[in-house]
Amino acid sequence: MAEYKKTAMPVTREDDYPQWYLEVIKAAELAENSDVRGCMVIKPWGYTIWENMQRELDQSFKDTGHTNAYFPLFIPLEYLQQEADHVEGFAKECAVVTHHRLSLNGDGKLVPDGKLEEPLVIRPTSETIIGASYAKWVNSYRDLPILINQWANVVRWEMRTRLFLRTTEFLWQEGHTVHATKAEATEETHKMLYVYKEFAENVLAIPVIQGEKTESERFPGAVSTYSIEAMMQDKKALQSGTSHFLGQNFAKASKIKFQSKEGKEEFAWTTSWGVSTRLIGALIMAHSDDNGLVLPPRVAPAHIVILPIYKDDSERETVMNYIEDIKLEVAKQRFFERKIVLHVDDRDIRGGEKNWYWIKKGVPLKIEIGPRDVEKNTISVVKRTDPGLKKNFILKEEFINCLVETLTNMQNEMYEKANSFLKENTYEINDYAEFKKIFTPKNEEKPEIHGCFARSHWCGSSKCEDAIKEELKVTVRNIPFTEKQCEGNCIYCGGKSSKRVIFAKSY
RNA sequence: CGGGGUGUGGCGCAGCCCGGUUAGCGCACCUGCCUUGGGAGCAGGGGGUCGGAAGUUCAAAUCUUCUCGCCCCGACCA
């Protein structure tokens with residue numbers, strides 16, 4: 001079968017990557033901009049992906065001893081005030097509630113009324129409000145550790161927004177833990193980063209680089225911040241999850257104190273960690289192609305879509321009966337402990353249109369079944385991961401028997417493909433001229449896909465970091481755990497360096 | 001907050017400079033026929049107080065003033 005001449009997306013990745021990203025979201029019906037500036041409506045297909053992510057992550061959190069709870073959306077202004085760096089980091093992007101009532105004015109317009117004595121801040125993150133509770137709950141070393149997660153929405157008043165990647169309101173989970181010792185808190189920070197790494201790689205099929213953030217990219221108020229960084233198809237980095245070791249900073253701010261075994265009063269050690277709906281953006285940009293969304297089976301809202309083909313009622317009955325049999329067989333199976341979701345699209349629209357609709361939505365397996373298949377006991381199946389979207393006619397039994405294996409293979413292939421891409425676009429760069437060349441687009445007006453993950457030496461000074469950022473918009477994504485100690489010279493100033501870091505452009 | 005742009009059925013646009021029939025086109029939508037294994041075709045149909053307010057005029061989508069929204073570029077960011 002010939003390759004498609006035309007792609008389903010009006011623009012390709014090569015043409016205009018940012019535009020392509022928006023088209024994929026639109027075509028797959030993941031989300032849309034709402035009337036509220038900077039906020040998005042997550043549509044059912046997109047939200048189901050999020051639910052699938054939530055389920056997997058939530059299980060991992062439970063497996064590592066955490067439980068869920070819920071804390072208020074509103075934070076008293078004074079709470080936010082308690083930690084100096086935290087204030088500085090978040091103050092300029094906080095939404096503030098100043099009134100608690102609406103009244104009709106003379107013109108019949110609703111106006112805010114009932115001014116609050118103390119304004120309330122809508123949480124940009126919850127360290128302070130959760131800390132206030134923890135301060136009450138913790139008295140003795142016997143009360144520790146506290147291992148709590150919350151699924152919530154947060155608001156950060158951003159200047160410029162992009163669907164899923166940066167919106168004013170977004171959904172996330174934030175884990176907040178309290179420990180008696182520094183070592184235990186440090187361990188927790190790393191443990192949860194690893195949970196994120198495993199999730200990204202095994203469930204989302206996105207390879208990531210674990211590492212520590214530099215001082216300039218650190219969470220406001222944290223002692224150290226760690227991240228997983230993923231490479232998108234335009235070779236830019238996307239921070240996909242973060243874990244923070246907060247030391248005793250927030251414990252001091254919120255007065256989380258306990259009496260130790262030795263009877264001494266001590267401040268506790270805290271951590272926090274989170275991933276957000278941004279991961280959906282990562283998913284899109286890591287796997288999708290010029291025909292739309294491509295989803296790893298483990299988070300796809302549906303694994304299989306069946307398009308029945310018939311001309312009249314009699315054929316319809318034959319085909320639908322055949323499909324019923326397949327549904328029964330599929331219902332018996334599980335893919336990673338989850339029911340296999342099979343959708344039959346029997347809408348009365350043209351076959352071609354229907355066909356493309358599901359390609360754009362990224363369903364892993366698309367099956368067409370017509371009278372000829374019923375006769376021959378076959379089905380026609382197209383794997384979304386196949387670049388040519390080739391139709392394969394196989395026996396029904398073969399399809400049923402190999403279903404889980406097929407999905408597993410697709411999941412693995414997606415990871416391998418993304419991993420090769422990451423490897424092929426990660427270079428060791430030691431010379432600034434070369435560094436500059438690779439990070440400079442040929443077309444400054446509308447930059448083409450360029451750049452890479454550069455493994456380069458860095459002296460550790462934020463001056464060099466800032467200078468590179470200023471000149472090339474390239475930053476240190478993180479300092480990977482896997483980088484070995486090795487002597488070298490800073491890519492920018494030539495000063496001494498003992499380790500390579502990952503430089504890249506980022507979202 | 002600085003610089004630029006733009007508002008006309010659900011979406012994308014034309015018309016505006018030079019006021020004048022019933023404001024048009026493509027896509028989408030609805031109905032019928034026909035089709036259905038790679039994005040159909042034909043016929044008919046519904047939907048707009050032209051972002052808002054004031055003004056000029058016999059007459060305003062079109063001219064004037066004010067106002068609001070949105071988009072892009074810069075400083076900030078998971």
Side-chain angles (χ1 to χ4, degrees), chain A residues 1-10 18-19 22 26-27 32-38 88-93 124-125 154-162 164-174 196 213 216-220 225 227-230 237-244 272-282 291-292 306-312 315-316 319 345-360 366-374 376 378-382 388-393 444-446 469-470 473 475 477 506-507:
Chain A
M1 208 158 300
E3 294 256 322
Y4 292 92
K5 293 179 194 77
K6 216 172 86 181
T7 60
M9 295 297 100
Q19 190 57 35
L22 293 173
K26 196 157 112 187
E32 62 192 27
N33 278 309
S34 82
D35 291 343
V36 183
R37 181 204 181 97
E88 204 181 316
F90 286 108
K92 47 190 176 305
E93 52 190 49
T125 177
V154 285
V155 167
R156 295 180 188 175
W157 213 267
E158 300 288 352
M159 300 285 171
R160 299 180 56 196
T161 59
R162 297 189 70 185
F164 291 117
L165 300 176
R166 177 163 298 105
T167 47
T168 300
E169 179 189 10
F170 58 95
L171 306 182
W172 76 347
Q173 57 70 215
E174 46 181 329
Y196 290 153
K213 284 290 194 184
S216 62
E217 302 253 332
R218 199 176 285 157
F219 177 76
T225 286
S227 73
I228 52 171
E229 302 283 333
L238 183 73
Q239 180 175 307
S240 307
T242 50
S243 185
H244 315 291
S272 67
W273 27 274
V275 298
S276 71
T277 37
R278 180 177 238 209
L279 285 175
I280 298 174
N291 287 316
I306 297 185
L307 314 182
I309 290 147
Y310 50 79
K311 287 194 173 80
D312 51 40
E315 279 191 5
R316 178 173 194 277
V319 168
D345 186 354
D346 194 23
R347 287 177 302 167
D348 183 21
I349 57 173
R350 274 290 294 196
E353 190 185 341
K354 200 189 274 189
N355 180 44
W356 284 104
Y357 177 84
W358 293 105
I359 291 171
K360 289 185 276 196
K366 181 170 62 70
I367 294 171
E368 291 174 357
I369 294 174
R372 295 208 293 272
D373 292 301
V374 179
K376 290 186 284 187
T378 58
I379 62 163
S380 130
V381 57
V382 176
L389 295 169
K390 220 165 58 194
K391 214 179 273 187
N392 293 299
F393 289 89
E444 294 277 1
E445 293 291 304
K446 193 180 135 195
K469 185 178 176 182
E470 176 74 21
K473 289 181 185 150
T475 49
R477 295 329 302 152
S506 74
Y507 279 97

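This one's a predicted model, so the numbers in the text were calculated from it and none came from an experiment. Each chain gets a letter, A, B and so on, in the order its sequence line appears, and its residues count up from 1.
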*asked:* Please determine whether a side-chain nitrogen or oxygen atom of Arg350(A) lies at a distance below 4.0 Å from atom OP1 or OP2 of rG39(B).
replied: yes
*Nearest listed nucleotide, side chain of Glu368(A), among rA78(B), rG37(B), rG39(B)*: rG37(B)
*Between rA40(B), rG37(B), rA78(B), which one does the side chain of Ser276(A) approach most closely?*
rA78(B)
*How would you list, by chain and number, every residue that makes a salt bridge (charged side-chain N to carboxylate O under 4.0 Å, His left out) with Glu368(A), sequence neighbours excluded?*
Lys366(A), Lys391(A)
*Could you give the NZ-to-P distance, from Lys26(A) to rC27(B), as a whole number of Å?*
16 Å
*Counterpart residues, side-chain contact (heavy atoms from CB on, under 4.5 Å), relative to Pro124(A) (two or more places apart)*: Ile75(A), Phe90(A), Cys94(A), Val121(A), Arg156(A)
*Could you measure between the two P atoms, the one in rG39(B) and the one in rA23(B), and give it in whole Å?*
39 Å
_Among rA40(B), rG37(B), rA78(B), the nucleotide that comes nearest once only the side chain of Arg278(A) is considered_ = rA78(B)
*Tell me, please, which residues at least two apart from Pro10(A) pass side-chain contact (heavy atoms from CB on, under 4.5 Å).*
Glu23(A)
_Gln239(A): side-chain contact (heavy atoms from CB on, under 4.5 Å) partners, not counting sequence neighbours_ = Lys213(A), Ser227(A), Glu229(A), Thr242(A), Arg278(A), Arg477(A)
*With Arg347(A), which residues qualify under salt bridge (charged side-chain N to carboxylate O under 4.0 Å, His left out), at least two apart?*
Asp345(A)
*Record whether the side chain of Asn355(A) comes under 3.5 Å of the base of rG37(B) through a donor-acceptor pair of N or O atoms.*
no
_Pairing annotation in dot-bracket form, given for RNA chain B with Watson-Crick or G-U pairs under 3.5 Å and | for cross-strand partners_ = ((((((((.[[[[.)....(...]]]].(((((.......))))).....[[[[[..)....]]]]])))))))....
*Report the residues that fulfil side chain to side chain donor-acceptor pair (under 3.5 Å) with Arg316(A), sequence neighbours left out, ordered by chain and then residue number.*
Tyr310(A), Asp346(A)
*Considering residues at least two apart in sequence or located in another chain, which fulfil the side chain to side chain donor-acceptor pair (under 3.5 Å) criterion with Trp273(A)?*
Glu188(A), Thr271(A)
*Can you check whether Met159(A) reaches Glu93(A) side chain to side chain, under 4.5 Å on heavy atoms?*
no
*For each nucleotide in nucleotides 68-76 of chain B, reading 5' to 3', give B when a protein heavy atom comes within less than 4.0 Å of its base, S when such contact involves only the sugar-phosphate, and - otherwise.*
--S--SSBB
Between the protein and nucleotides 3-8 of chain B, list every N/O to N/O distance that falls short of 3.5 Å.
none

*With sequence neighbours excluded, what pairs up with Tyr507(A) under the side chain to side chain donor-acceptor pair (under 3.5 Å) test?*
Asp234(A)
_Nearest-Å distance once atom C1' is located in both rA14(B) and rC58(B)_ = 29 Å
*asked:* My understanding is that only residues two or more places apart in sequence, or in another chain, count here; which of them pass side chain to side chain donor-acceptor pair (under 3.5 Å) with Thr125(A)?
replied: Glu127(A)
*Main-chain N/O of Phe170(A) paired with Thr277(A) side-chain donor or acceptor, under 3.5 Å*: no
